[in-house]
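Just the heavy atoms: all of them, side chains too, but no hydrogens, waters or symmetry mates, feed the values below. Just so it is clear: chains get the letters A, B, ... in the order the sequence lines come, proteins before strands, and each one is counted from 1.
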Amino acid sequence: MIEVVTVERLKQHVGQTVCVRGWLYNLSSKGKLHFAQVRDGTGIVQCVVFKNNVPPELFEALGHAGQESSITLTGLLREDPRAPGGFEIDVTQGEILQSVQGYPITPKEHGIEYLLEHRHLWLRSRRTWAILRVRDAVITAIRRFFDERGFVCVDSPIFTPNACEGTSTLFEVPYFEQTAYLTQSGQLYAEAAAMALGKVYTFGPTFRAEKSKTRRHLTEFWMLEPEMAYATLEDVMKLAEEMLAYIVAQVLERRRVELGVLERDLSKLERIQAPFPRLSYDEAAKILAEHPESTFKYGDDFGAPDETILSNRFDRPVLVHRYPKEVKAFYMKRDPEDPSKCLCVDVLGSEGVGEIIGGSQREDDLELLLGRIREHQLPESAFQWYLDLRRYGSVPHAGFGLGLERTVAWICGIEHVREAIPFPRTIYRLTP
RNA sequence: UCCCCGAUAGCUCAAUGGUAGAGCACCCGGCUGUUAACCGGGUUGUUGUAGGUUCGAGCCCUACUCGGGGAGCCA
């Protein structure tokens, strides 16, 4: 009985006759010899097909099979230093399920517009394969991290009756007799869950109808939002840096091959160890004031170029805390030592990826929170359930939101977040 | 919403206002060690759309469409 083996497990089967099932990644023929690179989703293996070792129909058909033809090949697996990956299959039998002509994405160069138009096929490329496997490892690491620390995963709704923060533009959808919005954050719901379960996190898709056109923005992206009862800004900062260090360590352990495909500088990732550098807003403002290229004015939020200037000073993510209350959301608690500031933190990823985490201690006082809602002219009635959390057993609590695609882009060292999600949604792209 | 850039063969790109080209892909032939193989031969066009200037427009002008980069906003 010949065993079907995945490419990633081949090394356990050297010397055996094995069968690989996959797609033709590349074929180069040399007279009476074909080299077929076959990918099966777990990796790529070279299969050597000598004319004299296989049925003549198979040899002939393989010579005309184009890229991405679906094939199964069987033969003796042996180690060979000449083969990419170090193993190759000396084929004796095989089947071409479908012989393909004219696959749109060749191993040559393509423009980004063309690739995005063919994203459903672009997924098969080596580079996308590597990125999506890193993304998977990041997601798994996140769930492990929180599970090990006693957090409970609580899903927040996608349909919401109103804006969570009242700032971003939301997507409207008809909802029977009323209008609903696609969520821009699960945070308020996470706060409710934290009062019920202690330590929780939500992890799901998030939507912003902002007409952003940058390499850091998507209209649909995944956000992780942990929330802890009886917690402070300090607790959240510690959690954030420990989590990021854990994620990076897990990716380094489980996705070395993929990082190699992406030509990622591993030494940069190996430096990502807690604790991370911390700057107060005031300290960061001082740095920017002395920087010739910055147009920053004290009191403003940092622009994207400012964030790059700040993050370039460090070899790991930097935590910037205690921003002026004017530039931050209504639910953030004021710093008792300086009421002009919020107890909040942004984590800026290295290498220009921008803000990957935004978090804060939440305002837990009913009257202060109500005042904030009025100041921001938010619809008070819509927040009654949220205010209930301050009416019935209010406690200090804190949490943050992590942008998954920005984190993946940062770890992979890729330019644009649209490559860090299988099917990116941007202002001018809804397909495929 | 604002600023900048782009659109020519299936793909990536070239072409001083004067005959629309190359590489790759694809097809045929050759090759028992290729790594995006190589060698020889062959096929491939409503130059994004609509107007305008000109003897003549891929090239200049206007509008539009589609897309890309950035700002703002944010993760």
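- Checking B/C26, B/G70, B/A75 against every side-chain atom of A/Gln101, the shortest atom distance belongs to B/C26.
- The nucleotide whose nearest atom lies closest to any side-chain atom of A/Arg429 is, among B/U32, B/A75, B/G68, B/G68.
- Residue-level contact check: A/Gly358 touches the backbone only, with heavy atoms under 4.0 Å from sugar-phosphate atoms and none from bases.
- Among the nucleotides B/A71, B/A75, B/U12, the one closest to any side-chain atom of A/His110 is B/U12.
- Among the nucleotides B/G72, B/G68, B/C11, the one closest to any side-chain atom of A/Ala304 is B/G72.
- Look at A/Arg127 and A/Glu419 and you find a salt bridge, because one of the NZ, NE, NH1 or NH2 atoms lies within 4.0 Å of a carboxylate O, short of that distance.
- Taking the side chain of A/Thr214 as heavy atoms from C-beta on, and the options B/G67, B/G72, B/G33, the nearest nucleotide is B/G72.
- Not a single donor-acceptor contact under 3.5 angstrom links the side-chain atoms of A/Glu415 to the base of B/G69.
- Checking B/G40 for Watson-Crick or G-U wobble geometry (two distances, each under 3.5 Å) identifies B/C28 as its partner.
- Across B/C73 and B/U16, the matching P atoms stand 43 Å from one another, rounded to whole Å.
- A straight line from CZ of A/Phe50 to P of B/U32 spans 10 Å, rounded to a whole angstrom.
- The partner of B/U46, taking Watson-Crick or G-U wobble pairs whose two distances both stay under 3.5 Å, does not exist in any strand shown.
- If you check every strand for non-hydrogen atoms under 4.0 Å, A/Leu218 touches a base.
- There is a side-chain donor-acceptor pair under 3.5 Å between A/Gln250 and A/Arg144.
- Mapping A/Gly401 and A/Pro305 onto RNA chain B by nearest heavy atom places A/Pro305 at the nucleotide closer to the 5' end.
- Across B/C74, B/A71, B/G69, the shortest atom-to-atom separation from the side chain of A/Arg208 is found for B/C74.
- Across all strands shown, B/G33 remains unpaired; no Watson-Crick or G-U wobble contact has both distances below 3.5 Å.
- Looking at the side chain of A/Gln46, the nearest of the listed nucleotides B/U12, B/U32, B/U34 is B/U34.
- A donor-acceptor pair shorter than 3.5 Å can be found between the side chains of A/Gln46 and A/Gln37.
- One side chain, A/His34 or A/Ser29, offers a donor N or O that lies under 3.5 Å from an acceptor on the other.
- A donor and an acceptor atom sit less than 3.5 Å apart, one in the side chain of A/His217 and one in the base of B/C74.
- Applying the Watson-Crick and G-U wobble criteria (two distances, each under 3.5 Å), B/G17 pairs with nothing in any strand.
- OP1 or OP2 of B/C26 has not a single side-chain nitrogen or oxygen of A/Gln67 nearer than 4.0 Å.
- A/Gln16 and A/His13 form a side-chain donor-acceptor contact under 3.5 Å, judged by distance and modelled atom types alone.
- Base pairing of B/A71: its partner is B/U1, meeting the Watson-Crick or G-U wobble criterion (both donor-acceptor distances under 3.5 Å).
- Residues A/Lys341 and A/Asp282 are paired through a salt bridge, judged by an N-O separation under 4.0 Å between the basic side chain and the carboxylate.
- The base of B/G10 has none of its N or O atoms less than 3.5 Å from a complementary donor or acceptor on the side chain of A/Thr106.
- Judged by ring centres under 5.5 Å apart and planes tilted less than 30 degrees, A/Phe221 stacks against the six-membered base ring of B/A75.
- The partner of B/U12 is B/A22, judged by Watson-Crick or G-U wobble contacts that both fall below 3.5 Å.
- In this structure, B/C66 forms a base pair with B/G6, meeting either the Watson-Crick or the G-U wobble geometry with both donor-acceptor distances under 3.5 Å.
- Contact annotation for A/Arg418: backbone-only contact, meaning every heavy-atom pair under 4.0 Å involves sugar-phosphate atoms and none involves a base.
- Look at A/Lys30 and you won't find any side-chain N or O under 4.0 angstrom from OP1 or OP2 of B/U34.
- Of the candidates B/C11, B/U32, B/G68, the closest approach to any side-chain atom of A/Ile112 belongs to B/G68.
- Taking side-chain N and O atoms only, A/His64 has a distance below 4.0 Å to OP1 or OP2 of B/C28.
- In the set B/U34, B/C74, B/G33, the nucleotide with an atom closest to the side chain of A/Pro84 is B/U34.
- With B/G69, B/U34, B/C31 as the candidates, the nucleotide lying closest to the side chain of A/Gln37 is B/U34.
- As rounded to the nearest Å, B/A9 and B/A50 have C1' atoms that lie 24 Å from one another.
- One cannot find a donor-acceptor pair under 3.5 Å joining the base of B/G72 and the side-chain atoms of A/Lys211.
- Contact annotation: A/Arg215 does not reach the phosphate of B/A75 (side-chain N/O to OP1 or OP2, under 4.0 Å).
- Below 30°, between 30° and 60°, or above 60°: for A/Tyr114 and A/His110 the angle between ring planes is below 30°, a parallel geometry.
- Across all strands, A/Ile357 comes closer than 4.0 Å only to sugar-phosphate atoms, never to a base (heavy-atom distances).
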